[in-house]
Every structure is written in C-alpha cells, then in structure tokens.
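What follows is a single structure, written as structure tokens, with notes after it.
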2 protein chains.
Amino acid sequence: MNERSKVRLFVDHPLGPGQSVGLTETQAHYLFAVMRLETGNAVAVFNGRDGEWQALVTETGRRRGSLRCDLQSAPQVLPPDLWLLFAPLKKTRTDFIVEKAAELGVRRILPVTTAFTGTDRINRDRLQAHAIEAAEQCGGVFVPEVAPLAPLSAVLADWNPDRRIMWCDEGLADRPAAAADAATLTAALPQRRPAAVLTGPEGGFAPAERERLAALPFVVPVRLGPRILRADTAAVAALAVWQLACGDWTGGA
Amino acid sequence: MNERSKVRLFVDHPLGPGQSVGLTETQAHYLFAVMRLETGNAVAVFNGRDGEWQALVTETGRRRGSLRCDLQSAPQVLPPDLWLLFAPLKKTRTDFIVEKAAELGVRRILPVTTAFTGTDRINRDRLQAHAIEAAEQCGGVFVPEVAPLAPLSAVLADWNPDRRIMWCDEGLADRPAAAADAATLTAALPQRRPAAVLTGPEGGFAPAERERLAALPFVVPVRLGPRILRADTAAVAALAVWQLACGDWTGGA
C-alpha cells in the first residue's frame, strides 16, 4: 500500500542529494491543484536513471513550483534487456499494449508497420506519456522509450542478430506439434540475454513476411497456446511468459 | 485468415445437421443490416456446446431471420478446467479482464468483492456479452460463464479444496526469495487439474484477507515478478503463465 498510495511523479531532470527540481505547468497543476500539496509535503520523484527520491515541496504556484530532493528511497533498477516490437492497432488497444509493456518490464517499445497494419502513424508523445504514467502508478523507476514508427522490414534489415526475436506466430495455434513449454522457451531464448517479442496486427502476418521471418536465424517462432488471441492479448501474454521463462521473474529482483 | 475473416455468431440454440436456428432482432440486424448477408450466404455459428457449424441464411428480415445448419466446421473443445476469480475494477478494465480471460481460455469467470474492492455491483449481462464477443472474434467455440458477484469470503467458505487457487499476491513483488519459475508453478498447481487464478483490486488484499488466504491449504501464493502490476495486468499475465506452466499450451490442443 505505501508505495502506491503516495504521490509519485516522473521528472525529466537530474536527481541527487539536495538537488532542486523545477516543475512544469502540468506538474504544478497536478501537485498543487489536483493533489493539494503544500510547501513541506513529500513527493516521490524518479527520472528513469537515478532511482526514486523523496523530495519536498519548496515552492508552490498555479503554473510553477519546485521540489528539493532529500533521500533516495529506491535504487535505479533496469528491467531485463527485452524489447517489444508490435504492429499498432486501434487507439485504445495500442495505448493498452504500451501501458502493459511498461508494467511488465521492457527496455524499448518499437511500433512497426507490417503488410496488414491498419495505421501508418502513431502519436508517439501520447504513447510515451502512457509508459510514464504506468511507471508512476506501479512504483517503477524505469520508463521504456517508445521508438518512432518504422517498417518491420527496415527494422529486421538493421537487426543485431545477438538479440533473438520471440515471434508470436498466430499460424501455429492449430498446430499442436509446435507447442512450447517453458523449458523450450528458455532453451531457444536464453535467460538474461538480449531479446525481443514480436506481435502482429489483427490480420496476422502476410505470407511474404512469414517466409522472411521463418528464414531469419535470430527469429524464434513461438506458439501462444491452441486458441487464437487478439493482437493486444498476444503482446501481454507473450511478455508475461517471456519474463517467466527467460526474464527476471525467476531469481533475484 | 480464413477463420477470422468470416462472419461468426454465437447462438443460444441447439446445433446439429439440418437444424434450423431462429435469429433474435439483434442478430438479424447484425447479419442483414451490418454484414449485408443474403439468403444462401454462409455464417459460422456456435453455442458453446456443439462445436462450430457452417449455417446458411434461409430467411432474412429487418427484425428476424433464420439459418439452417449444414456441416460441423469445428468440434467442441473445452479450455482447461481453470476459473478466474477477480475483484471488479473500473468499467473498462473489468471489461478488458473478461475479454482476455475468454480468449486465454477459462471455464468460469467469478467476480468477487474484497475488502478494498471499489464497487459492489457489476453488469453481468454486459460482461457475459464481452465473453461471447471475444469467442466470436477469436474463433473460439467455448464461452465461459460469468458468475454473479459474490464476496470472496463466501466463495472461499464453499470452496472445493480439490481446486487449487493460484493467488497472485502483490505483496511478494519485493521478495526475491518468493520467485517462482515455471517448474515450481507446475509442481504447486499440477497440469490438467482443476485450478483457479485469484487477483485482487488496485489496493491489493487487506491484512485479514491475506492471513486467511495464506492459511488455506488449497491456496498457492504466487509472485508475478519483481514489478508491481496493475490489477488487470496481473490477471492477464497470471492466466498466460498458468496456461504455459499448468494448462494446455504444452502438448495437445
């Protein structure tokens, strides 16, 4: 309860002992008009790099204000070196994927266009704000970067083969022989190694995309069970099982 | 593509060779006004019990119509004997949990009130409709029943101890010693045995609830990684990892 009930704020500012932090208009509005904080009240702040700090309100105003860092309340920790590549869906479902990816722990979020992707642009600022809000809400100290939208083909052409891609291949749902248990996932996508999860749009991948993915040595096709999942469900389910089988759910925090 | 692009409809009616199926006003509107089907067109229908059938439109109308079953296009299959117990959240996030549970494969969905649950009623019809829509969209032939809202304490008092409960205990996030890998989950919640996943409200479980849950022999506390997850994220992530470690993602369809 304690971590989640207090006011937490992401600030794009260096944090350290005695560090003064100026607030933006939006932040001042949130802290002083919405949360009704006053001079001397405590706020937890993080910037994605310096851990979480307890800060005190030193100046309040309608459109501005400032805080001063007191003590570090949590060290900086990074999620595993996992990226999420996903084809953007309709607005709400795309927002949802970004929020859940930030919570489940990824380092980077890369929206990609594919043959059947229904959209050719995203509101990157809004998606980044969703990732920040997820970290604020869940007590996280890291915020994944949302990369610009790029064609999947270009992303694959530049890919570092050391980072394996867990390709959620919806074509495998009706092929029981492709079933993978956790040990199989761990063997194909070794624990604590750079990795990425790839999910497609509602229509799945086009035959030419499937051929190319299947031929790439760093791509591991994975079956997410016998039922067809919606694209947003597949992204969340894949991140959860990767964390269990290959990420930091096992062993140290 | 084929399974998902055709028109699929849940009907509350027996299905079999030559069986005639009358349509409700809503179904007639969807098939004839929205999807523009005409007499002789094919529709895939399922009722949650008799598999999927190819049916032909035999009568159209503004407020009524009928279909005739032709061939069974998919056998009836059941998801594993998994229930989801969850504390209802705000409307959108509750809808989301029900949709994702239906996709990921559960037999029953039981909304439960807990000490920190912010709502004391649900729109059960709307939630049931979400479960049906998820099955329609994802090619499923089974629809989990959404049970009436009930207090967690009453549900636990009547519990059959043969069904183990995977209790997603958010209090374990900062306890690395509680980390569970897939093999540990499988050992504690044996594959293909009746089970349930339990997730709490945004505020987590109250101390008295935690004490009671911890003392019940059929309850297995599980840590969903080192990061705090929102309640809806926890539900989806828990269902996915249960399916991987204890459900039907491994082995036959």
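No experiment lies behind these values; they were computed from the predicted model shown. To find a chain, count down the sequence lines: A is the first, B the second, and so on, and within it residues start at 1. What you see below is based on every heavy atom in this structure, not just the backbone, and it leaves out hydrogens, waters and symmetry mates.
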Worked verdict on B:F205 versus B:F116 for ring pair (Phe, Tyr, Trp, His ring centres under 6.0 Å): CA-CA 7 Å; B:F205 293 94; B:F116 297 153; 8.9 Å; no

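- Salt-bridge annotation for B:R223 and B:D169: absent, with no side-chain N of the basic residue lying under 4.0 Å from a carboxylate O of the acidic one.
- Although no hydrogens or angles enter the test, the distance criterion places a donor-acceptor pair under 3.5 Å between the side chain of A:T94 and the main chain of A:L89.
- Here the side chain of B:R164 pairs no donor or acceptor atom with the backbone of B:P194 at under 3.5 angstrom.
- In terms of non-hydrogen atom pairs under 4.5 Å with chain A, the most contact-rich of B:Q243, B:E99, B:R175 is B:E99.
- Side chains of A:D181 and A:T184: a donor-acceptor N/O pair is present below 3.5 angstrom, by distance only.
- For residues 104-113 of chain B, heavy-atom neighbours of chain A at less than 4.5 Å comprise B:L104, B:G105, sorted by residue number.
- In this structure, A:K100 forms no cation-pi arrangement with A:F86, as its terminal cationic atom is not both closer than 6.0 Å to the ring centre and no more than 45° off the ring axis.
- The parts of B:R230 that come within reach of chain A are both its backbone and its side chain, each placing non-hydrogen atoms under 4.5 angstrom from that chain.
- In this structure the side chain of A:Q191 reaches within 4.5 angstrom of the side chain of A:T186, judged on heavy atoms.
- Interface summary for chain A: among B:A237, B:A240, B:G225, the most heavy-atom pairs under 4.5 angstrom belong to B:G225.
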